[in-house]
Amino acid sequence: MKKTFTILCIFLLMLSLVGCEPIRDLENYYVDQYEGGYSVLYKDDKGTVEQIVALGSEPQPLVIAKGRICFVEEGKVVSVDLEGENRQELPVEDLPASAHITYMDDTYLYCLTGPSARTCWEVYQDLHGYSQGPVPRKYRSVDYAKLLQAIRTQVAASEDRIRVRSARVELDGFGTPLSMTLEVIAHSGKISGMEFWNRGTVTVVLPIGSIETGYRDHHMPLSLADWTVEETVTLEQFLTALETMDKAEVPAQRALGTGDGYVLAYLQEEYDALRADYTAWVTISGAESSAEVQEPFFVLGQWGGCSPMLTDSEGLEVGNLYALHWEN
């Protein structure tokens with residue numbers, strides 16, 4: 001008993017000399033300016049601010065994964081412990097300083113350069129490796145109902161009657177739209193019993209989580225015969241077809257190798273001229289079809305990962321061309 005008491009006294013004496021590290025509250029970590037740059041800081045319950053780790057000249061999100069603080073430096077992903085120590089680094093090829101850890105799940109950190117980024121660096125949280133590719137579909141998607149309404153609002157056609165004369169859509173490596181240009185005719189009403197339409201150009205950019213649209217009216221009111229109008233497709237039909245293709249993941253299913261992205265062309269002469277060289281005919285949901293089908297169709301081309309068949313008017317070298325037609 002006396003021996004046990006002596007050991008306890010020695011333990012208590014050592015504890016009083018060494019002291020106990022206070023347990024840090026994760027809610028007290030934050031990112032802010034500090035000494036001419038940005039840092040991860042910690043404010044204790046007394047209001048004392050402590051610099052944990054410097055982040056550089058630009059702010060970054062506060063990311064704490066598996067008990068470690070993670071952030072980006074040019075060409076690398078870095079993690080430190082909650083004291084700012086035990087630094088670990090993973091070199092990541094082509095990773096710019098402007099990239100930040102934008103998303104995370106139970107396994108990965110996802111580094112992007114912003115909402116318009118086409119490339120994502122997918123990094124293991126323990127920094128033992130990474131891969132580079134398009135932004136995962138779970139983080140990039142298009143709300144087609146909102147897109148339809150945004151275009152309608154921008155064009156302001158009479159009775160929302162908008163028809164697509166031609167189109168060019170750029171898609172990422174998974175086949176999700178990134179931007180598009182639509183040549184349209186927009187109904188402007190009746191004059192002396194005759195229906196008039198305005199020609200115009202719709203532009204769409206699709207950063208992650210938002211929709212940016214523009215419209216340029218060519219100020220060319222046209223009185224068109226019914227059959228001329230009916231040769232075009234409605235805006236709703238066009239976007240429905242695009243959505244069907246997107247959700248069926250047709251581009252990725254038909255890819256050769258690993259494509260950097262895709263171009264979807266509708267009534268674009270430079271693409272239509274290569275009809276005899278298309279690698280396949282399929283429906284917008286990916287089912288096999290044939291060149292005899294007369295319904296309106298897209299031409300889908302892949303850039304990167306395949307031999308180019310065409311350098312288009314936008315300078316993209318595109319190959320693996322195939323047709324996607326509407327389904328009855």
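The analysis underlying the following values was restricted to heavy atoms, covering all of them including side chains, and did not include hydrogens, waters or symmetry mates. Every value quoted in this text rests on a predicted model; they were computed, and no experiment measured them.
Atom CD1 in Ile101 sits 15.0 Å away from atom OH in Tyr108 (nearest 0.5 Å). Rounding to the nearest 0.5 Å places CE of Met309 at 5.5 Å from CG of Leu274. Separation of atoms CG (Leu321) and OH (Tyr278) is listed at 7.0 Å; rounding is to 0.5 Å. From Trp326, atom CH2 reaches atom CZ of Phe238 across 6.5 Å, with rounding to the nearest 0.5 Å.
In this model, a donor atom of one side chain and an acceptor atom of the other lie less than 3.5 Å apart for Asp105 and Tyr110. Residues Tyr271 and Asp312 have side chains that bring a donor and an acceptor to within less than 3.5 angstrom of each other. At a cut-off of 3.5 Å, with distance as the only test, no side-chain donor of Glu183 or Ser166 sits close to an acceptor on the other residue. For the residue pair Thr201 and His218, a side-chain donor N or O sits within less than 3.5 Å of a side-chain acceptor on the partner. Between the side chains of Ser98 and Glu58, no donor-acceptor pair is found at a separation under 3.5 Å. Side-chain contact, Tyr144 with Asp246: a donor N or O sits under 3.5 Å from an acceptor N or O.
Between Arg118 and Glu170 there is a salt bridge, since at least one side-chain N of the basic residue sits less than 4.0 Å from a carboxylate O of the acidic one. Taking the charged nitrogens against the carboxylate oxygens, Arg152 and Glu159 have no contact shorter than 4.0 Å, which rules out a salt bridge.
Placement of Tyr215 and Val169 within a single hydrophobic cluster is found when ILVMFWY residues are connected by side-chain heavy-atom separations under 4.5 Å, directly or transitively. A continuous path of Ile, Leu, Val, Met, Phe, Trp and Tyr side chains, each step under 4.5 Å between heavy atoms, connects Tyr262 with Ile284, placing both in one hydrophobic cluster.
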Verify ring-ring contact (aromatic ring centres under 6.0 Å, His included) between Tyr139 and Tyr103, making sure each step is shown before the conclusion. CA-CA 8 Å; Tyr139 299 123; Tyr103 305 105; 4.1 Å; yes
Under the salt bridge (charged side-chain N to carboxylate O under 4.0 Å, His left out) rule, what do Arg254 and Glu288 come out as? Steps first, then yes or no, please. CA-CA 11 Å; Arg254 293 277 170 174; Glu288 296 294 335; 2.5 Å; yes
Let's go through Glu89 and Arg87 carefully: what are the C-alpha distance in whole Å and the side-chain angles of both, what is the deciding distance for salt bridge (charged side-chain N to carboxylate O under 4.0 Å, His left out) to 0.1 Å, and is it a yes or a no? CA-CA 7 Å; Glu89 298 180 355; Arg87 181 183 174 97; 2.7 Å; yes
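Geometric assessment of Arg168 against the ring of Tyr266 yields a negative cation-pi assignment under the 6.0 Å and 45° thresholds.
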